[in-house]
Chemist: 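Mind looking over this structure? Questions follow.
Just so it is clear, the values below take in all heavy atoms, side chains as well, and ignore hydrogens, waters and symmetry mates.
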Amino acid sequence: MDHSGHSGHGSTTSNNSFSTANKSIARGYWYGVAGVIGSFAVVQIIHILQARHRLRKCRTESSPSPTTPTTHMQQFWATITAVVREMSYPQLHIPFKGLDWISPPPLGRVLILLLYWAVIVGMMVDKAIIKDAFFWERIGYRNAWVTVMQIPLLYMLASKSNIIALLIGSSHERLNWLHRWVARTILVTASVHGWHFWTQWVRADFVEFQMEMMPMTKYGLGAWGIILWMNLTGMAPFRRLAYEVFVAQHIVSAAVLLWLVYVHIPADATYFVWWAVAALCFDRLFRLGLLLWQNTRLHVDKSTCESQRRLGHQALLEAIGKSITVVTIKDVHFSWRAGQHIYLWMPEIGPIEAHPYTIACRHQAVDGCCCNSVQLVIRAHKGFSRRVHDRASGAERKDRMVKAFLSGPYGAPPQVEIFETLVLISASTGASFTLPILEGVLQPKTKTCTTRVDFILISRDDKDVQFYTQRISDAIVRAKNTAVELKVFVFITAGGGTSIEVDARRQGVAGAISTSSRASVSTAGRDGGEKGGILVDVQKVSTSPKSTVTRKRSPGASSIEEPSIQYPTGRPDINELIRTPVEAAGGETSVIKSFKASSTILFLHTRVECTARAISATSTPLLTAFTPYPAFNWNGQHWWGRLKFLTSPVPYRRITSKSYGISLRPEPMHLFSNQIASPLVLSAAGFCVFKATSKTFSTSCARRSIFSIARNWISRAENSRFRKPTTPSPIFATSSRPRFPVFSVAKAHTTTMASDSVDQLAEHLKKLPISDIAPFPNCYPKDNLVDVYRSHLTTILHNITGVDTKIVYVAIGWTNSLDKGDMQMAIPALRVKGKKPDELGAEWLAKWPEDDPLFEKPIQSGPFFSFFYKPGPLAKALIPMIQTQGASYGQNKALGLKDPHDPSKGKKKIVVEFSSPNIAKPFHAGHLRSTIIGGFLANLYSGSGWDVTRINYLGDWGKQYGLLALGFDKYGNEDALLADPINHLYELYVKINKDMSEEKEEVEKLEKDGKTEEAAKIKNEGLDEQARRYFKKMTDGDPGALAQWKRFRDLSIIRYKSTYARLNIKFDVYAGESLVPQKKMDEINEELQQKDITEESDGALIINFAKHVPGKAGKTLERPILRKKDGTALYLTRDVSELLLRHDKYQFDKMIYVVASQQDLHLKQLFKIIELMGHKDIAEKCQHINFGLVLGMSTRRGTVKFLDDILRDVGEKMHEVMKKNDEKYQQVENPDATADVLGISSVMVQDMTGKRNNNYKFNMEAMTSFEGDTGPYLQYAHARLCSIVRKAEIPEEELRDFNPDLLQEPHAIHLLRAMSQYPDVLANTMKTLEPTTIMTYLFKLTHSLSSSYDHLRIVGRERELMKARLALYTSAKTIIVNGMRLLGLSPVERM
């Protein structure tokens, strides 16, 4: 706060002309802060009184639902509270990896900040914007005061012993977000303050003088720099780099800031600094006193508590598995509430570090002895938590006893005893928060309102929950002695299966544990007393089998089995687990979750329409991050006064820091949260509105709609954690949104085409003005309407020219451009001699029948005839044919028959080998072309009636896997392997390759320096030789080496399958080089030697093709090696063996290898070897479909672009494009999934747009554009047709009765002609095997559609015209869908 003419804090005043107003502003600010805190304190007091009243009611009254508010005032207060909270939950989540930290706060916090900023901005400009000589100075002074007046609030919010939190019933960690935003606000106001003064000095050319004469200016600049530094380093990415360093520098910076501000501001403003110092000192002194009280004892009585220490506590460290450490701290003499946390300091492990952790057990002492023990469950990440785990893992028991100091407890956990039903959901170590709550409910000091608890524990690995199983067993035992009905569910998700609840109402399904106070429970070897199961002997838990409690059947009792704690594999049905207790509850239900929800929360709001007699609720899902509260409508009027009691979810988040492990604590998104502000509060009444005279209302649907909010929130968070979408159960059919976009599927023909061919053909002929179709080879009129026209045209030309019909038929071709006609023929192709083509054409035109029913008179252009269809007959036959055949339109199943005239002889068989990545490496863009083209070819042949076998021939054998094993031994991490196997293995491969490259460079350097012995030693003992030896062990069948290799292979296949699913790719067989038997390869080599095909060269076995294939062809095939001199078979030997084995197994009629052009020589060598061996028939069945490369890719240096990353990037790009049209974006059911499909489409379409043997460069901007022939444009064309169909609102059945005579417009005729070409396009594609053939056709068709929309409008037209045009559009839509699915694309209906 620079003051010209004053000397820092020694000055007695600031500027008299501005001082009074600025001081008044500062006082008003703190009056407002005090008022807000007081208001929240009043709300907290009301909540406390309500909670006490409810508990008293539960203890003294016998009401079936004592937690339900009964008076109008209680209902009104609960409803208003819930409405405010409901409005505060939505949050916009930034989905980009590494950028989630920039996600804005939830709406509630945003509203608080906007209100705060409105006050600050008002104070910054109030009566200060006056254009006079003091303009710059006045605003500078004002913002100086606005800045310094916020300093005390900043330090008060940072305090752990937080007075504000105490007054409003919260805790410091719940207010930390506000601390950060106040700091950012101070940075802005300080910047405005400094900029205005600086601008004034610049205008007066006064800068140098000011800096020399006024030292407080430098202090001010220093203070601004400290504020900027603290804001930057306080951002999540910097905090996560090294949390301990962040805390240390943050404390130092805070102290320096106070000093700089103190020497910068005038004396009459320094009280703000002293206020902040007072807050800081109070916090430190209070925490120091708490630390001393909790960790020092003047008198040690070991007769009562044998582990007592005069200074500190004795802590025992026990490691469970590779990442969990249980810390048991003996003989603490303070109490705590379930869900609170402490700060742990272990000087031996972290000399200056204290870290927060949730207390994982409840306080035991009821009377007398205070020898409680605290248990903490710490997951090892890095830093302190990793050092703790390392100490616990590698030490003897005496070394695992360390001295610990505690500070706390801190936190304001929810008052769960006021709820009728509790649903406790935790993942892995999150049970440290929920399990103490369960134990407290089952062993309360006084009666509570809770009558039912559902405890759900979810974990990937059973090792992570071993610590909790014994205590869960104790809880089940204790439940039978209380009035609480307990249901326990433990889910282990690593197995991939599913687990479903079983209880008294749902019998016979494994995976759920259910008990109530009315059931008898027996335990083996357990005490079952009141004090059992609070603390766990970690050594027993970590080494003994899983704890179980068996449930026996008693005579005359129900047939329900006694519960047992077990580890079912699979993911739980969160819908079912929450819905059941919510619907069964008569009062309030609290759902508490303890795992991180990292994605945007979904809300399914409810529209409620009320009548005088009853209430009916219908759920209207709205997928949005910010949604308004639903309007309650009563006969057209808003009715807020009669809202039935309603409460809503209050999300809790996990506070975690990678630097000190996991600390699970509740963090409500509100300043006041205690009784009713539980983690998730649901009302049995739900959304209900009623008239004063009517007591009838429906609650089941309303409960379901309320529950949908909770279910969607929990399901989204759980699925984000376990990465498996959950299909909503049928009961939520009206309130659940599909998790993926609805894709359009053309209606398939319901009868067998082969059996109905005669009837179909007869039906088609009825619609055409012709009586008969002449049969010709490769003519399939039942599948291709154009063949009817082609046959008819052949007959006409035969009658005119006298040329044999077989010659005429093959001379007629289809055109690529409709302006050249629907069919075309070269006159010389009819082989008529004696006259010029022009003369023959003129002569034949003169003979053309004037009244032909199908064709207009042809047009002659030099030696060519162009033929055009008559539009009427085409519309009558084509559209019904497409409607009938649906998804099979365009396909010709006869092409895949061994005998088209005799289907009983079966289908031809084809094997397509494609994709074929190397295991343990991510699927990169280099594999993309093989995968896309191979999938397309498999679809093409399958649609043509072939029996297709799709094979993925994995590169899973060779010395590189020996090198990978060495890399895993040197750099591998088991946890990382399980979390992300493919990427972890690839990282290892890159690292070990780098080591080997450095090793080779060292060898070359030594040899260059003449140190041959040292170089030879490295060669003989280096990585390359070790990898060779390891692979030799694999080939020799070493069990350990093979087990490691098989593990890498299996994990790779699992990951590949998920990638293939996104691309709509499936495989029938996952083969590989490793599966080729050694015996078969030995037989092949022996046979080649016996036939003198191979020869030895330097100990290796080779083929010199020049000796077997004459001329240049033999030389181009070169001299490939089949077997190395050490006896190791190479790829060519394996491929020869594999090909012959495949032919024996599948007896294929055709075999296609979809491999890059780089392997042209290899495939030619393979086919030629098969031919030389005497299997020419097999070689002729084989075909190599080659393709160019995706340019700019590397393979071994770690710079390769992985396909998953590419698909993610294009998906995000498409999501950004979708958001630009907010109206349409809101209509998309699942924007994320739709954007993913659009991104995949953009990649695949770019790949298939050009010829497959051409190289192409990846171009993100071009492929994601809606301009030009791109994937997004193709999807848009289909989505627009879907929109037209929806808006027309004409049933599909009604379209079958359309009037084709109404389709006379030029655009309609042009569209019909284009649609008729599709079967010919597919037939031509069977010859070219080029996906671009179909892609080009689809874009031409979409262009025709785009130009027709303005001329062939539907909405608002006469009904019959609407039907005719809609029938045309739906038929075009069917063709687009068929073509897209053939190419492997998933059509979207909205975008």
Side-chain angles (χ1 to χ4, degrees), residues 155-167 169-176 247 251 277-317 327-376 378 384 388 401-413 432 436 440 445 534-535 655 660 663 665:
Y155 282 80
M156 291 174 70
L157 291 172
S159 304
K160 289 183 173 59
S161 52
N162 199 307
I163 298 176
I164 297 176
L166 179 66
L167 292 174
S170 185
S171 57
H172 77 276
E173 74 274 5
R174 303 181 187 181
L175 299 180
N176 193 256
V247 172
I251 293 174
V277 171
L280 188 61
C281 291
F282 173 80
D283 175 56
R284 291 295 165 177
L285 290 174
F286 180 84
R287 291 167 59 188
L288 178 61
L290 191 63
L291 181 69
L292 293 174
W293 176 74
Q294 292 172 337
N295 296 279
T296 59
R297 296 172 182 82
L298 297 177
H299 174 69
V300 176
D301 184 6
K302 292 195 175 183
S303 63
T304 305
C305 302
E306 61 179 13
S307 299
Q308 280 190 5
R309 298 290 184 272
R310 193 175 300 278
L311 182 64
H313 301 274
Q314 188 180 33
L316 174 63
L317 310 181
V327 180
T328 303
I329 304 165
K330 305 293 185 66
D331 300 327
V332 298
H333 61 283
F334 60 87
S335 62
W336 64 88
R337 293 170 56 193
Q340 288 189 306
H341 63 279
I342 60 172
Y343 278 78
L344 174 66
W345 175 36
M346 294 181 178
E348 297 179 41
I349 300 177
I352 59 172
E353 304 171 33
H355 296 274
Y357 296 103
T358 299
I359 303 175
C361 58
R362 74 178 184 87
H363 185 255
Q364 299 179 51
V366 179
D367 296 304
C369 179
C370 297
C371 302
N372 282 282
S373 293
V374 167
Q375 283 191 321
L376 311 174
I378 302 175
F384 177 76
V388 170
M401 300 293 294
V402 298
K403 180 170 287 189
F405 295 86
L406 308 179
S407 176
Y410 296 101
S432 297
K445 297 180 181 179
I534 302 302
L535 288 174
I655 299 178
Y660 57 75
S663 172
R665 303 193 301 275

Chemist: Which heavy atom in S161 sits nearest to a heavy atom in F286, and how many Å separate them?
Modeler: CB-CD2, 3.4 Å
Chemist: Do V327 and L316 make a side-chain contact, defined as non-hydrogen atoms from C-beta onward lying under 4.5 Å apart?
Modeler: no
Chemist: Could you state the interatomic distance from CD1 (I329) to CG (L344), rounded to the nearest 0.5 Å?
Modeler: 5.0 Å
Chemist: To check you understand the geometry: which heavy-atom pair defines the closest contact between H313 and N295, and what is its length?
Modeler: CD2-OD1, 3.1 Å
Chemist: Looking at G411, is its backbone amide N or carbonyl O close enough to the side chain of Q340 to form a donor-acceptor pair, meaning the two atoms are under 3.5 Å apart?
Modeler: yes
Chemist: For a quick test of reading the model, state the closest non-hydrogen atom pair linking P409 to W336 and the distance between them.
Modeler: CG-CB, 3.9 Å
Chemist: With a 3.5 Å distance limit and no angle check, can you tell me whether H341 reaches the backbone of Y410 through a side-chain donor-acceptor pair?
Modeler: yes
Chemist: What is the distance from atom CG of L406 to atom CD1 of I342, rounded to the nearest 0.5 Å?
Modeler: 4.5 Å
Chemist: Going by the rule side chain to side chain contact (heavy atoms under 4.5 Å, CB included), which residues pair with L288 if we only count those two or more places apart in sequence or in a different chain?
Modeler: L292
Chemist: Measuring from atom CE of M346 to atom CG of L317, what distance do you get when rounded to the nearest 0.5 angstrom?
Modeler: 5.0 Å
Chemist: List the steps and the verdict of side-chain contact (heavy atoms from CB on, under 4.5 Å) for N176 and L157.
Modeler: CA-CA 7 Å; N176 193 256; L157 291 172; over 6 Å; no
Chemist: With sequence neighbours left out, write down each residue that passes side chain to side chain contact (heavy atoms under 4.5 Å, CB included) with A279, or none if nothing qualifies.
Modeler: M156
Chemist: So, using side chain to side chain contact (heavy atoms under 4.5 Å, CB included) as the criterion, who are the partners of V247 when residues are at least two apart?
Modeler: Y243, I251
Chemist: Can you check side-chain contact (heavy atoms from CB on, under 4.5 Å) on K403 and Q314, steps first, answer last?
Modeler: CA-CA 5 Å; K403 180 170 287 189; Q314 188 180 33; over 6 Å; no
Chemist: First locate atom CG of L175, then atom OG of S170, and finally report the distance between them rounded to the nearest 0.5 Å.
Modeler: 4.5 Å
Chemist: Could you check whether the rings of H355 and F384 sit parallel, tilted or perpendicular, using 30° and 60° as the cut-offs?
Modeler: parallel
Chemist: With a 6.0 Å cut-off on the ring centroids, do Y357 and Y343 count as close?
Modeler: no
Chemist: After noting the C-alpha distance and the side-chain angles of V277 and Y155, does the key distance pass the side-chain contact (heavy atoms from CB on, under 4.5 Å) rule?
Modeler: CA-CA 8 Å; V277 171; Y155 282 80; over 6 Å; no
Chemist: Can you tell me how far OG of S407 sits from CG of L291, rounded to the nearest 0.5 angstrom?
Modeler: 5.5 Å
